[in-house]
Chemist: 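The structure's right below; bear with me while I get my questions together.
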Amino acid sequence: MKTILLPLLIGLMLVGCSSSPSLSNSSSLYQELNGQSGLERLVDAFIQEIAGDEQIFHYFAKSNVDRFREGFITHLCDVSDGPCEYQGDNMIDIHTGMKINEADFNRVVELLINAMEAEGIPYRTQNKLLARLAPLRPEIIHR
Ligand code: HEM
């Protein structure tokens with residue numbers, strides 16, 4: 001009897017595990033980033049990072065902060081599968097003429113990571129967002 005029961009029990013446990021919704025599979029990246037209010041806090045922290053960074057701030061010296069904030073929030077919402085459609089200019093058009101090099105691109109990524117850290121966003125979620133932004137790199141540097 002025992003020899004039949006044990007495999008059956010293990011089998012049932014495995015089915016139970018695979019069918020129970022796990023947080024990381026069932027929620028979108030947008031939800032993991034705490035939705036719209038989470039993105040707003042994240043972008044505010046990111047803007048603070050940029051404002052305090054000598055290497056990067058000069059790029060934004062003549063930018064309209066409110067416009068950048070709104071556009072960046074909507075873009076992140078779109079990229080993280082949230083309920084937004086970014087309708088601003090594409091990444092190439094926006095960054096053309098800025099002549100951004102790898103070092104400055106990497107620095108901006110670092111500032112975003114600092115902002116995510118400041119907001120207490122888990123490491124795994126940070127990496128998911130970075131993985132979605134990384135493919136945009138060639139649209140942004142050397143333009
Ligand atoms: C994956 C990386 C990046 C993403 C996803 C990104 C995305 C964006 C977006 C969505 C906007 C437009 C906001 C709006 O609607 O006005 C924007 C604007 C801007 N970005 Fe980026 N960006 C990235 C990297 C960088 C880097 C590395 C720099 C400079 C070192 C930079 C400098 C700027 C500046 C200066 C503006 C404002 C332009 C203006 O004043 O109109 N970006 N970016």
Side-chain angles (χ1 to χ4, degrees), residues 4-143:
I4 300 171
L5 255 184
L6 195 62
L8 194 73
L9 208 69
I10 292 172
L12 276 175
M13 279 163 67
L14 286 176
V15 169
C17 283
S18 62
S19 64
S20 69
S22 88
L23 197 67
S24 58
N25 289 332
S26 63
S27 72
S28 68
L29 179 54
Y30 175 76
Q31 283 172 299
E32 285 183 46
L33 292 162
N34 303 312
Q36 203 59 25
S37 62
L39 287 182
E40 286 170 8
R41 288 194 301 271
L42 172 59
V43 173
D44 285 341
F46 182 49
I47 289 170
Q48 274 198 19
E49 290 287 331
I50 292 171
D53 194 85
E54 263 189 35
Q55 187 182 331
I56 295 304
F57 176 71
H58 67 93
Y59 285 99
F60 292 85
K62 289 182 182 159
S63 298
N64 176 333
V65 182
D66 292 337
R67 218 189 72 153
F68 172 76
R69 181 181 184 275
E70 286 311 308
F72 207 82
I73 290 169
T74 308
H75 187 261
L76 285 184
C77 171
D78 195 343
V79 158
S80 64
D81 303 327
C84 316
E85 197 186 334
Y86 173 73
Q87 294 183 323
D89 292 339
N90 67 48
M91 292 300 105
I92 294 179
D93 288 349
I94 286 174
H95 300 94
T96 291
M98 293 188 197
K99 306 244 178 289
I100 299 167
N101 60 24
E102 278 96 347
D104 287 351
F105 182 90
N106 292 345
R107 181 63 189 151
V108 166
V109 171
E110 246 170 49
L111 297 178
L112 184 61
I113 293 171
N114 291 348
M116 290 193 285
E117 279 292 320
E119 289 306 311
I121 294 170
Y123 190 60
R124 262 177 57 87
T125 306
Q126 293 185 21
N127 282 342
K128 284 189 203 173
L129 180 58
L130 295 176
R132 302 231 180 151
L133 296 179
L136 301 176
R137 187 171 179 272
E139 298 176 20
I140 291 167
I141 63 169
H142 301 319
R143 296 282 172 184

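Just so you know, ligand 1 is whichever comes first in the structure, and atom 1 is the first atom listed for that ligand.
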Chemist: In ligand 1, which numbered atoms sit nearer than 4.0 Å to a non-hydrogen atom of Phe105?
Modeler: 1 (C), 2 (C), 27 (C)

Chemist: Nearest 0.5 Å please: distance from the CG atom of Asp104 over to the CD atom of Glu110.
Modeler: 11.0 Å

Chemist: Please work out whether any backbone atom (N, CA, C, O) or any side-chain heavy atom from C-beta onward of Met98 is under 4.0 Å from ligand 1, and answer side chain, backbone, both or neither.
Modeler: side chain

Chemist: Can you tell me how far the CD1 atom of Ile50 sits from the CG atom of Asp53, to the nearest 0.5 Å?
Modeler: 8.5 Å

Chemist: Any nitrogen or oxygen of Lys62, main chain or side chain, under 3.5 Å from a nitrogen or oxygen of ligand 1?
Modeler: no

Chemist: Looking only at protein heavy atoms, identify the closest one to atom 41 (O) of ligand 1 and say how far it is in Å.
Modeler: Arg67 NH2, 3.1 Å

Chemist: Of all the non-hydrogen atoms in the protein, which one sits nearest to atom 32 (C) of ligand 1, and at what distance?
Modeler: Phe60 CZ, 3.4 Å

Chemist: What is the distance from atom CZ of Arg143 to atom CE of Met98, rounded to the nearest 0.5 Å?
Modeler: 12.5 Å

Chemist: Roughly how far, to the nearest 0.5 Å, is the CG atom of Leu111 from the CD atom of Gln55?
Modeler: 8.0 Å

Chemist: Tell me, which protein residue and heavy-atom name are nearest atom 28 (C) of ligand 1, and how many Å apart are they?
Modeler: Ile100 CD1, 3.4 Å

Chemist: Just to confirm my output: which protein heavy-atom neighbour is closest to atom 10 (C) of ligand 1, and how far is it?
Modeler: Met91 CE, 3.5 Å

Chemist: Could you state the interatomic distance from CD1 (Ile141) to CE (Met91), rounded to the nearest 0.5 Å?
Modeler: 15.0 Å

Chemist: State whether the side chain of Gln31 and the backbone N or O of Ser28 hold a donor-acceptor pair below 3.5 Å, judged by distance alone.
Modeler: yes

Chemist: Heavy atom under 4.0 Å from ligand 1: found in His75's side chain, backbone, both, or neither?
Modeler: side chain

Chemist: For atom 40 (O) of ligand 1, what is the nearest protein heavy atom, given as residue, atom name and distance?
Modeler: Ser63 OG, 2.7 Å

Chemist: Any chance you could lay out the salt bridge (Lys or Arg N to Asp or Glu O under 4.0 Å) test for Arg132 and Asp81, step after step, and finish with the verdict?
Modeler: CA-CA 10 Å; Arg132 302 231 180 151; Asp81 303 327; 2.9 Å; yes

Chemist: What N/O/S atom of His95 is the closest to atom 21 (Fe) of ligand 1?
Modeler: NE2

Chemist: In the protein, which heavy atom is nearest to atom 15 (O) of ligand 1, and how far is it?
Modeler: Gly71 CA, 3.2 Å

Chemist: Report yes if some N/O of Tyr59 lies less than 3.5 Å from some N/O of ligand 1; otherwise report no.
Modeler: no

Chemist: What protein heavy atom sits nearest atom 7 (C) of ligand 1, and how far off is it?
Modeler: Phe72 CE1, 3.4 Å

Chemist: Taking the inter-plane angle between the rings of Phe68 and Phe46 on a 0 to 90° scale, is it parallel (under 30°), tilted (30 to 60°) or perpendicular (over 60°)?
Modeler: tilted

Chemist: For atom 11 (C) of ligand 1, find the nearest protein heavy atom and state the residue, atom name and distance (0.1 Å precision).
Modeler: Ile94 CD1, 3.7 Å

Chemist: Atom CD1 in Ile100, atom CG in Asn106: separation rounded to 0.5 Å?
Modeler: 11.5 Å

